[in-house]
Amino acid sequence: VNCAPYVPGGRHQELADAVCATMGKNSMAVLLANHGVLVGGSSLEEAFVASRVLEKAAFMQLQAGSAIVPIPEELVAEERSRYLYKYGKE
């Protein structure tokens, strides 16, 4: 999850632009520096699932500390698609 630069409160359009630029087209979440996290999806259900996945991943990273090894970039899109569209439906 990428982190958007800090934008002071009240600068709504600037914050929205920073979020869009940071999130890109293939991400469903972005960290807002000094604010929190923003998660989206093509439906409310997809956004909810993405928020749960992000929360669980953050918890696991905190528990693992520096021992965690990130998933290689080439597998991220594949895993994301599998989780969103196939997991629990096969």
*Shared ILVMFWY cluster between V49 and L44, side chains joined below 4.5 angstrom?*
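No, it is not one cluster - the side chains of V49 and L44 are not joined through contacts under 4.5 Å.
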*Give a yes or no answer on whether the side chain of T22 reaches the backbone of A18 with a donor-acceptor pair at less than 3.5 Å.*
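It does hold such a pair.
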*Distance-only, no hydrogens or angles: does the S51 side chain make a donor-acceptor pair with backbone N or O of F48 under 3.5 Å?*
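A pair under 3.5 Å: yes.
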Nearest 0.5 Å, what's the [atom1]-[atom2] distance between [X] and [Y]?
X	Y	atom1	atom2	value
L38	M28	CG	CE	11.5 Å
L31	N2	CG	CG	8.5 Å
M60	K56	CE	NZ	6.5 Å

Contact summary for [X] and [Y], nearest pair of heavy atoms:
X	Y	result
V7	H35	O-NE2, 2.9 Å
V39	A47	CG1-O, 3.6 Å
A4	V30	N-CG2, 3.9 Å
A33	P5	CB-C, 4.0 Å

*Would you check if N34 and P8 make a side-chain contact, meaning some heavy-atom pair closer than 4.5 Å?*
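Heavy-atom side-chain distance check fails, nothing below 4.5 Å.
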*Is the closest side-chain heavy-atom distance between E78 and L75 below 4.5 Å?*
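Yes, at least one pair of side-chain atoms sits under 4.5 Å.
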*Does atom CD of E79 have more than 12 heavy-atom neighbours, drawn from other residues, nucleotides or ligands, at distances under 6.0 Å?*
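Count over threshold, so yes.
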*Give the C-alpha distance, both sets of side-chain angles, the deciding distance and a yes or no for side chain to side chain contact (heavy atoms under 4.5 Å, CB included) between V37 and L54.*
CA-CA 9 Å; V37 66; L54 180 61; 3.2 Å; yes
